[in-house]
Protein chains: 2
Amino acid sequence: MSNKKATVHIRLKDGVLDPQGITIQRAILNMGYDIVDSVRSGRFFELELSGDNGKVGTKVDEICRRLLANPVIEDFSVEYE
Amino acid sequence: MSNKKATVHIRLKDGVLDPQGITIQRAILNMGYDIVDSVRSGRFFELELSGDNGKVGTKVDEICRRLLANPVIEDFSVEYE
């Protein structure tokens, strides 16, 4: 489990209003592009991991819930490389 | 090319300072987790596309360069579903 990379994607839950996405969608329309029906925004973090025990996955999950995401309105997913 | 989804990932170029990532890495350390060596932050946008011509890819590329990303300090990549 050492020298891995975890990529955490955080996005708003379905049904939660995304003002940034709406604003960007309008801006795209105002720029003259008619190909984008909707925009949802999110953020991601690339974590370089080190650790010699098997609990890295559990710890990353805790870090996501406690620090990176707001579990009330956001979902997160983690991919390991 | 109709009813597609494009996911745009935007990240700082290599070598560009990422204060948000540094702050998060320190916060993780202060919370007692010693498994994260570094954090890089980024953002992504999910675009629902409609369009009946073959220029959707070119237009999405333009939208990224003109609106979503800052090409001076950021790289972007687009995946289509």
Side-chain angles (χ1 to χ4, degrees), chain A residues 1-12 14 18 20-69 75-80, chain B residues 1-12 14 18 20-69 75-80:
Chain A
M1 292 286 282
S2 60
N3 296 324
K4 294 177 69 174
K5 196 169 101 171
T7 303
V8 180
H9 277 81
I10 299 169
R11 69 194 77 215
L12 289 165
D14 290 341
D18 181 0
Q20 185 185 10
I22 294 169
T23 304
I24 290 171
Q25 196 265 333
R26 281 190 201 143
I28 292 170
L29 206 58
N30 290 339
M31 287 166 68
Y33 300 103
D34 57 358
I35 57 164
V36 178
D37 288 337
S38 77
V39 177
R40 295 287 282 178
S41 65
R43 55 196 200 282
F44 68 94
F45 301 99
E46 291 170 341
L47 280 56
E48 296 284 345
L49 302 175
S50 65
D52 49 5
N53 65 54
K55 296 189 176 171
V56 169
T58 311
K59 288 181 180 176
V60 169
D61 206 66
E62 281 180 19
I63 290 166
C64 290
R65 277 184 285 105
R66 292 180 59 193
L67 181 71
L68 301 179
D75 286 325
F76 66 86
S77 60
V78 188
E79 290 160 46
Y80 294 94
Chain B
M1 294 285 282
S2 59
N3 296 322
K4 294 178 70 174
K5 196 168 102 171
T7 303
V8 179
H9 277 81
I10 298 168
R11 69 194 76 217
L12 289 166
D14 289 341
D18 181 1
Q20 185 185 9
I22 293 168
T23 305
I24 289 171
Q25 196 267 332
R26 280 189 201 143
I28 292 170
L29 206 59
N30 290 339
M31 287 165 70
Y33 300 103
D34 57 358
I35 56 164
V36 179
D37 288 337
S38 78
V39 178
R40 295 288 282 180
S41 66
R43 55 197 200 283
F44 67 95
F45 301 99
E46 293 170 340
L47 280 55
E48 296 284 346
L49 303 175
S50 64
D52 48 5
N53 64 54
K55 296 190 175 169
V56 168
T58 311
K59 287 181 180 176
V60 170
D61 206 67
E62 281 179 19
I63 290 166
C64 290
R65 277 185 284 107
R66 293 180 59 193
L67 182 72
L68 300 180
D75 287 325
F76 66 86
S77 59
V78 187
E79 290 160 46
Y80 293 94

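Residue numbers start from 1 in every chain, and the chains themselves are labelled A, B, ... in the order their sequence lines are given, proteins ahead of strands. Note that the structure is predicted; figures quoted are calculated from it, not measured.
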Check whether [X] gets within reach of chain B through its side chain, its backbone, both or neither, counting any heavy atom under 4.5 Å.
{"X": "A:Q20", "value": "side chain"}
{"X": "A:I10", "value": "backbone"}
{"X": "A:V60", "value": "both"}
{"X": "A:F44", "value": "both"}

Quick check for you: to the nearest 0.5 Å, what is the distance between [X] atom [atom1] and [Y] atom [atom2]?
{"X": "A:I24", "Y": "B:F45", "atom1": "CD1", "atom2": "CZ", "result": "4.0 Å"}
{"X": "B:D34", "Y": "A:L49", "atom1": "CG", "atom2": "CG", "result": "11.0 Å"}
{"X": "A:H9", "Y": "B:E46", "atom1": "NE2", "atom2": "CD", "result": "8.5 Å"}

Testing the basics here: between [X] and [Y], what is the closest heavy-atom pair and its distance to 0.1 Å?
{"X": "A:D37", "Y": "B:S50", "value": "OD1-OG, 3.2 Å"}
{"X": "B:A27", "Y": "A:L67", "value": "CB-CD2, 4.1 Å"}
{"X": "A:V56", "Y": "B:I35", "value": "O-CD1, 4.1 Å"}

Greater than 12 external heavy atoms within 6.0 Å of B:N30's CG: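 Result for CG/B:N30: enclosed.
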
Between A:G42, A:A6, A:G21, which has the largest tally of heavy atom pairs under 4.5 Å with chain B?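 Looking at each option in turn, the highest pair count goes to A:G42.
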
Could you tell me which portion of B:D18 (side chain, backbone, both or neither) has an atom closer than 4.5 angstrom to a non-hydrogen atom of chain A?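 Neither part; nothing is under 4.5 Å.
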
